[in-house]
Amino acid sequence: MPETSRSGNRAAGRRRTLRHALRAIAALLVTGSVCVAATGLLTRPEPLAGRRDVEAVSGDPAGRSHTHWRQVSPHRVERLRVKVLEALPHDPKSFTQGLEMAGGTLYEGTGLPGQSSVRSGAPGKPPMVHTSLPAPLFGEGITLLGRTLWQLTWRDRIAIERDATTLRELRRVPYPDEGWGICFDRGRRQLVTSDGSARLAFRDPRTLAKTGEVTVTEDGRPVTRVNELECADHAVYANVLPTERIVRIDAVTGAVTASIDASGLLHAGELVPGSTLNGIAAVPGTDHFLLTGKFWPKMFRVALVPAQPPSRTAR
């Protein structure tokens, strides 16, 4: 066969091969587009690497709630421990449910039907003011708003507003959720409450109406049994029932920003059935906290310091 014929045949073969390849690529593109479109209709797009979705629910004046999804950068969870600065006496019969300081006065709310109370006085001293809740009310968390104080009840569906000086009851308002912890976020002018789940609710400080909520998460996983709360340093501190761990929470995203080891504060001989960490109060003007618990005979003034890294075994 002449050389020119061979060259022409090779060129024609290359053109046919190119046409077949182009048709295959076009088919793949069409099929892929359909799959991508269908997937987009059925699923929410995955977050960008290094970011995660956070669900926050807010309310409007009409009482309707709206869910918003926003992407936030993940927090690095600090590992902290408590360093005891001082040990103070504490009523060992107190079933502590809430603890808060204002000036030099410590306020404590206690629970159990027939034993629930609110008391105030100097830390480590017998209370100067004391008021009891009538049975069968079960007292829960407390927080101060200047001249008044809110006290939650567990499953009695009411919250009680009190005079912060005399502890006299001023009024009762409906509270449809289980009452656990409560604190006042002064920066955002809102109450933060817990109900034993992984949710923190935001509430109007006057009416206790819910205005929003957020899920508490650590490394993307919900943290349940969030109990006593303390709003301090633009964050929410919470003990995780029934552990000896406290978490520091970003109240906007719900992300845990620090895990605090509060173990070993009491000796084994000082523990009784029901003894659990359940009282966190920021000491005004310092970076210290007062910690105590249910039926604890002591209260501790502590500082938060970096946890010791695990020791490496020498080879």
Ignoring hydrogens and geometry, is there a side-chain-to-backbone donor-acceptor pair from [X] to [Y] under 3.5 Å?
X    : Y    : answer
T224 : G196 : no
T153 : G139 : no
Y175 : I160 : no
D261 : S263 : yes
N239 : L277 : yes
Q115 : L112 : no
T105 : G121 : no
D156 : I158 : no
R168 : D163 : no
R162 : L167 : yes

Can you find a heavy atom in the side chain of [X] that is under 4.5 Å from one in the side chain of [Y]?
X    : Y    : value
T217 : V223 : no
L208 : P174 : no
L291 : L265 : yes
V192 : I182 : no
V82  : V305 : no
V173 : W150 : yes
H90  : F300 : no
C231 : F184 : no

Return the [atom1] to [atom2] distance between [X] and [Y], rounded to the nearest 0.5 Å.
X    : Y    : atom1 : atom2 : result
L271 : L266 : CG    : CG    : 5.5 Å
R147 : L145 : CZ    : CG    : 13.0 Å
I280 : E100 : CD1   : CD    : 11.5 Å
H234 : R186 : NE2   : CZ    : 12.5 Å
R119 : I142 : CZ    : CD1   : 10.0 Å
F289 : Y237 : CZ    : OH    : 4.0 Å

Are [Y] and [X] co-members of a hydrophobic cluster defined by side-chain heavy atoms under 4.5 Å apart?
X    : Y    : answer
F295 : L241 : yes
M299 : L85  : no
L99  : M101 : yes
V240 : V77  : yes
L191 : L152 : yes

Is it true that the side chains of [X] and [Y] contain a donor and an acceptor less than 3.5 Å apart?
X    : Y    : result
E108 : S94  : yes
T110 : S117 : yes
Q97  : N278 : yes
S259 : R245 : yes

How close do [X] and [Y] get, heavy atom to heavy atom, and via which atoms?
X    : Y    : result
C183 : V236 : SG-CG1, 4.3 Å
A281 : L106 : CB-CD1, 4.2 Å
S194 : L229 : N-CD1, 3.8 Å
F138 : P113 : CD1-CD, 3.4 Å
V283 : T286 : O-OG1, 2.9 Å
T215 : P222 : CG2-CB, 4.5 Å

Mind running side-chain contact (heavy atoms from CB on, under 4.5 Å) on Q190 and R203 for me, showing each step along the way?
-> CA-CA 6 Å; Q190 65 184 5; R203 299 181 184 274; over 6 Å; no
One thing to verify: whether [Y] and [X] come together as a salt bridge, which I'm taking to mean a side-chain N less than 4.0 angstrom from a carboxylate O.
X    : Y    : result
E78  : R248 : yes
E218 : R79  : yes
D177 : R199 : no

Just do the side-chain contact (heavy atoms from CB on, under 4.5 Å) check on K83 and R301 with the steps written out, would you?
-> CA-CA 9 Å; K83 177 182 179 181; R301 185 182 180 116; over 6 Å; no
After noting the C-alpha distance and the side-chain angles of V252 and R188, does the key distance pass the side-chain contact (heavy atoms from CB on, under 4.5 Å) rule?
-> CA-CA 10 Å; V252 175; R188 298 182 178 87; 2.9 Å; yes
Step by step, would you call L149 with Y107 a side-chain contact (heavy atoms from CB on, under 4.5 Å)?
-> CA-CA 10 Å; L149 173 149; Y107 295 81; 3.7 Å; yes
